[in-house]
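Data first, discussion second: the structure below is written as structure tokens.
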Amino acid sequence: MSEHEYKPKSKIGKWFNDRLPLLTLGAHLTDYPTPKNLNYWWTFGGILTFCLLTQIVTGIVLAMHYVAHADLAFASVEHIMRDVNFGWLIRYIHSNGASMFFLAVYIHIFRSLFYGSYKSPREVIWIIGLMIYLLMMAAAFMGYVLPWGQMSFWGATVITNLFSAIPLVGDSITTWLWGAYSVDNPTLNRFFSLHYLIPFLILGLVVLHIWALHVPGNNNPVGIDIKKPSKDTVPFHPYITIKDAFALLMFMIIFAGFVFFSPNVLGHSDNYIPANPLVTPAHIVPEWYLLPFYAILRSVPDKLGGVILMFGAIFILFVLPWLDTSKVRSAVFRPIYRQFYWIFVLDVLMLGYMGAMPAEGIYLVLARVGTIYYFLHFIVVLPVVGLLEKTDPIPMSISESVLSGGADPSLARKDNEKI
Amino acid sequence: MKRFKLKFKIIVLAFFLLSASVAPSLGAESSGELLKVDWSFKGLTGKFDRASLQRGFQVYKEVCSSCHSMQYLSYRNLGEPGGPEFSEQEVKAIALSIEIEDGPDSQGEMFTRPGRPSDKFKSPYPNVNASIVANGGAYPPDMSVLVKARPGGSNYIYSVLMGYEDPPTGTTLDEGVYYNKYMIGNKIKMSAPLIEDIVEYTDGTQATVEQMSKDVTTFLTWAAEPELEERHRTGVKVVIYLILLTTLVYLSMKKIWSRVDTEV
């Protein structure tokens, strides 16, 4: 992307760079032209990278002390909390870090939905991002099983049992996943192995995600392409690095608030009871970040149907770039879509709430309404609104929108065929 | 843009209110509002009341420990900073008074010896099944992390200890089942464990049920979260450090961005 070829100054640098152009890569990352109108919702990419690295580093240390055995896992976690130097800190960072990771990824995803970052030419970035999100859910679910408390055990039982809904081979697949005839020691062992593997797969996908991002460059709040790099962009360093650092520090203050002052508020108290296959908890609930999907799963009276809808709720996001028919990216210039966007946000929040409530009475009814609306948003609202909506005029360039103090439609040009 | 920002703020606020209302309801519901105590260990700088911890240990040792194990604690923990902070001699004496089974020795025999500070708390029963049989089918839970394992935490434990009452008319209880106002389902297989003056406090404090409930709950809270004081102390330092660093970075950011015509 840089306008001039990078030339190392030193002889050694030149020798090395001719053989492996790492210095060129570094120069590209430093100079990478970034739209200068990015707001703070764009800082969550950097925050998510921080979250991933934090989970990997704390996780590696925890794995040095944790014992993946049904009889010893719970005790080894208590050993970490009591006897390992700063073990409590490392474990609380790791367990709360998972929640912070999801908080950040949801903001990141909803930012993309608002500003149309998933649209051409950024579909591949979006799809890689969804793959990361899927792997995050798998890693978080398996990680929650490792302490081998009541919620670990019964959460694992509920989720793995979903696969038994598959016709004909369901039961065999479930047994194969368990490595036994119920959730047991072999299940715990393989979950630990996979829990250690997945973050590195995510890391690889993150590299691809950023690579794919650096081909077209960032989207931005007004959703138009860069016209003149010298006027519309700033170099990534120091402008974006310092802004990302500031946002990250704000994020870390909230993170520290959880870790030091209410480290268990996001978890479930039942997980401090050792796993007991003979006693089922009154309400089996997943962690908060999976609740909307749990609500969708339970809203369908048929098991297989519920599983299909739950996975469908995620997989429909993969075709989102082709369901949204609007040529205008940013919701700032889409008055109708904007309303539906907020309805959709509320719908997902409501589904999350219903996922935490028992599946009965009014909760079940609302969960069903929420589920139907979730799919309507993608299958009906997005294609239709995109075709019928009269969008607001779009600014000529990023610098124009910046000088007019944000994305103000009144100062924009009247036609919008060239976006 | 202002309009969207306002909307976003409303959504964020709604989200936090929603999660605040979900969080307590996630656990199983107990009947009635729990008794609330103004614990010294709550809040950002909360600390344990040292004398209360020591009294609480006495209640645990003389009353609870005949049925409830505490298998993740060691006697040495009683002398560590942030806990009851018994002196080294006191900890040694506490451990010495316990008989621990050890072995096998070089002859392949198990033997008993006096406890050492490094030993884990001795459990009252050799295994879970023995504890179930001895208690009429109910398993007295291990108390190491009990406070963290119950919705309501310290207030819940305190409430259950204070919640023994005669059953309301119309409620019939089976043999060996007791009525408790705060227990989930109101039925409990443990008879009221604390009776006035069941322990004689070494520091002369009057051993009322309320006093003992408070002390033993404080002790159990420490047992579940022995890092609490260090966590609070470190947390305050970390947050102050982060706020200072954030301010510096904010000022640097303003300075750097003043070179271009864009607000940050």
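In the text below, chain A, chain B and the rest are named by the order of the sequence lines, each starting its count at 1. Remember, it's a predicted structure, so these values are computed and weren't measured experimentally.
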field: Rounded distance [0.5 Å steps], CD in B:E227 versus OH in A:Y92
entry: 5.0 Å

message: Among B:V239, B:T234, B:L228, which residue has the highest count of heavy-atom pairs closer than 4.5 Å to chain A?
response: B:T234

query: With only heavy atoms counted, which part of B:Q71 is less than 4.5 Å from chain A, the side chain, the backbone, both or neither?
result: neither

task: Evaluate the criterion side-chain contact (heavy atoms from CB on, under 4.5 Å) for residue pair A:F261 and B:V236; output intermediate values, then yes/no.
output: CA-CA 9 Å; A:F261 301 112; B:V236 169; 4.1 Å; yes

message: If you define the side chain from C-beta out and look only at heavy atoms, does anything of A:L89 sit under 4.5 Å from B:R231?
response: no

message: Taking side chain as everything from C-beta outward and backbone as N, CA, C, O, which of these in B:L248 sits under 4.5 Å from a heavy atom of chain A? Side chain, backbone, both or neither.
response: neither

query: A:F110 versus chain B, heavy atoms under 4.5 Å apart: side chain, backbone, both or neither?
result: neither

- prompt: Within a radius of less than 6.0 Å around OH of B:Y241, do more than 12 heavy atoms belonging to other residues, nucleotides or ligands occur?
  reply: no

- prompt: What part of A:D83 gets closer than 4.5 Å to chain B, counting heavy atoms only: side chain, backbone, both or neither?
  reply: side chain

message: For residues 252-262 of chain B, give me every residue with a non-hydrogen atom less than 4.5 Å from any non-hydrogen atom of chain A.
response: B:S252, B:M253, B:I256, B:W257, B:R259, B:V260, B:D261, B:T262

message: Atom NZ of residue position B:K36 - does it have more than 12 heavy atoms of other residues, nucleotides or ligands inside 6.0 Å?
response: yes

- prompt: Atom CZ in A:F246, atom CG in B:L251: separation rounded to 0.5 Å?
  reply: 9.5 Å

- prompt: Does any N or O in the side chain of A:R82 come within less than 3.5 Å of the main-chain N or O of B:A223, such that one atom is a donor and the other an acceptor?
  reply: yes

Other residues, nucleotides, ligands: >12 heavy atoms within 6.0 Å of A:N85 CG: no

- request: Please flag which part of B:V147 lies under 4.5 Å from any non-hydrogen atom of chain A: side chain, backbone, both or neither.
  value: neither

task: Show your working on side-chain contact (heavy atoms from CB on, under 4.5 Å) between A:M81 and B:Y72 and close with a plain yes or no.
output: CA-CA 10 Å; A:M81 294 299 287; B:Y72 300 121; over 6 Å; no

query: How far apart are the closest heavy atoms of B:G235 and A:F260, and which atoms are they?
result: CA-CG, 3.3 Å

task: Side chain from CB out, backbone as N, CA, C, O: work out which of these in B:S144 comes under 4.5 Å of a heavy atom of chain A, or both, or neither.
output: both

message: Could you measure the distance from the OH atom of B:Y250 to the CE atom of A:M250? Nearest 0.5 Å is fine.
response: 9.5 Å

field: Heavy atoms from other residues, nucleotides or ligands near NZ of A:K231 exceed 12 (cutoff 6.0 Å)
entry: no

- prompt: When rounded to the nearest 0.5 angstrom, what distance separates CG in A:L248 from OG1 in B:T246?
  reply: 9.0 Å

field: Pairwise distance CG(B:L242) to CZ(A:F255) - rounded to 0.5 angstrom
entry: 11.0 Å

field: Shortest non-hydrogen contact between B:K148 and A:S269, atoms and distance
entry: O-CB, 3.4 Å

message: Less than 4.5 Å to any heavy atom of chain A: does that hold for the side chain of B:V264, its backbone, both, or neither?
response: both

A:L249 CG to B:L245 CG distance, which is reported to the nearest 0.5 Å: 5.0 Å

